[in-house]
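Everything below concerns the one structure shown next.
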Amino acid sequence: KTIAMQQIVYAAAEDCRAKMETGSAMPLLPLFMRAAVLSKLMAESDRFKSASPSTLGTHAGKPEKLLRDVVEMFLAHAIEEGAFVEDSRQVILDLYDFGRVLICIDGLDEAAAHQELLEVSIEHAVKSGKQQTHRRLRILLSTREHSYVHSRACLRLGDFDVVHLQPLNDVRQKKMIEGRIPSG
C-alpha cells in the first residue's frame, strides 16, 4: 500500500512539474515551519553559525539563497523526524525553486537569537523574487504584534502586509472546541 501511495504522489509531482514548466497555473504547496525549530536548527548548523545579518551578503555570494538553505535544513530535520520521506525533499525544493511553495513560518518572535538573521534572509529572498518575473516567493509569517513593530522599526519585513487575528474569546473558544469534537 505504501509503495502504491508513493507512486501516486510521484506521478502527481511529475505532472505538477510538467505543468509548471509550461506556465500553467498550479496551486501552492504549503510548508509549515515553527520559528523556534528553525532557530534550534540554525544554532546547530555549521553553515548558519558563521552567518549574521551583517555578513549575510557574503553567504555563498548570494544572500537570497539563505532562505532556501533554511528550507533545505528544515526538510532534512523533518525527514529525520519522520514527517517527510526522503523522496519528497527534492520535489519540495524544486517546487520552492519554481515559486510554488507557500512558506508559513509560525512564531517568528520565537526564533530568539536567530530572529534577525531569519528576517533578513526572508527580506533578501523576497527582494530577489520581486526581480524575477517567472518566480514569486510567497511567505506567510506569524508573530506577535510588538515583535512585528520592532522588525519594522529596524527596517525589516517592510514588504509584508499586516493581518490582525482576533483573540479567542469565550464564544470563539466554544465554537472551535465544538467544531473539533464529534457530535456523537
Side-chain angles (χ1 to χ4, degrees), residues 9-10 13-14 16-17 20-21 26-144 147-148 150-152 154-161:
V9 170
Y10 181 78
E14 286 300 313
C16 181
R17 182 190 314 227
M20 286 186 300
E21 289 175 354
M26 291 296 298
L28 300 174
L29 172 73
L31 183 60
F32 182 82
M33 301 180 285
R34 300 255 329 130
V37 172
L38 295 178
S39 180
K40 179 180 174 275
L41 295 173
M42 291 169 85
E44 296 170 353
S45 170
D46 289 338
R47 60 181 155 174
F48 293 99
K49 283 181 184 174
S50 62
S52 71
S54 60
T55 62
L56 194 57
T58 61
H59 178 77
K62 296 187 176 188
E64 68 275 6
K65 297 293 186 194
L66 188 59
L67 185 60
R68 188 184 193 281
D69 291 347
V70 169
V71 169
E72 191 171 359
M73 178 183 58
F74 172 78
L75 290 172
H77 170 73
I79 289 167
E80 283 178 19
E81 296 289 312
F84 293 106
V85 294
E86 178 63 40
D87 294 343
S88 65
R89 179 194 321 240
Q90 192 57 51
V91 172
I92 294 171
L93 289 173
D94 287 347
L95 289 171
Y96 176 89
D97 292 339
F98 280 118
R100 302 310 310 164
V101 173
L102 171 61
I103 298 172
C104 305
I105 300 177
D106 183 40
L108 189 57
D109 54 303
E110 297 171 13
H114 294 93
Q115 180 177 350
E116 185 179 357
L117 180 60
L118 193 54
E119 288 179 359
V120 171
S121 68
I122 290 167
E123 280 286 309
H124 282 290
V126 167
K127 289 185 185 336
S128 174
K130 279 184 167 182
Q131 296 171 357
Q132 301 173 21
T133 57
H134 68 282
R135 183 183 177 277
R136 291 282 181 219
L137 186 64
R138 293 156 178 95
I139 300 179
L140 175 67
L141 299 174
S142 163
T143 190
R144 293 194 174 23
S147 179
Y148 181 74
H150 173 73
S151 298
R152 277 274 173 98
C154 293
L155 303 177
R156 295 188 304 268
L157 307 181
D159 291 322
F160 287 81
D161 291 327

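Just so it is clear, the values below take in all heavy atoms, side chains as well, and ignore hydrogens, waters and symmetry mates. Residues: numbered from 1 along the sequence shown.
Here Thr143 contributes atom OG1 and Asp106 contributes atom CG; the two are 9.0 Å apart, rounded to the nearest 0.5 Å. Rounded to the nearest 0.5 Å, atoms CD1 (Ile103) and CD1 (Ile122) are 8.0 Å apart. To the nearest 0.5 Å, atom CE of residue Met73 and atom CE of residue Met33 are 9.0 Å apart. The SG atom of Cys104 sits 12.5 Å away from atom CZ of Arg34, with the distance rounded to the nearest 0.5 Å. Between atom CG of residue Leu29 and atom CZ of residue Arg138 there is a gap of 12.0 Å, rounded to the nearest 0.5 Å. Considering NE2 of His77 and CZ of Phe84, their distance stands at 10.5 Å, rounded to 0.5 Å.
Proximity of Val91 to Asp87: side-chain heavy atoms (C-beta onward) are nowhere separated by under 4.5 Å. Between Leu66 and His124, the closest side-chain pair of non-hydrogen atoms is not below 4.5 Å. Looking at heavy atoms from C-beta onward, Ile139 lies in side-chain contact with Leu67 at the 4.5 angstrom threshold. Annotation: side chain of Leu31 is in contact with side chain of Leu75 (closest heavy-atom distance under 4.5 Å). Looking at heavy atoms from C-beta onward, Leu28 lies out of side-chain contact with Val101 at the 4.5 angstrom threshold. Within the 4.5 Å cutoff, side-chain heavy atoms of Val70 are placed close to those of Leu118.
Phe74 and Leu41 make their closest contact through CA-CD1, 4.1 Å (heavy atoms, listed as atom of the first residue, atom of the second, distance). Nearest heavy atom pair, residue Ile105 against residue Ala35, reads CG2-CB, 3.9 Å.
With sequence neighbours left out, Glu81 forms a side-chain hydrogen bond (donor to acceptor under 3.5 Å, both in side chains) with no residue at all. Residues satisfying the side-chain contact (heavy atoms from CB on, under 4.5 Å) criterion with Ser39, sequence neighbours excluded, are Ala111, Ala112, His114.
Sorted by first then second residue, the salt bridge (Lys or Arg N to Asp or Glu O under 4.0 Å) pairs that include residues 70-79, not counting sequence neighbours, are Arg68-Glu72.
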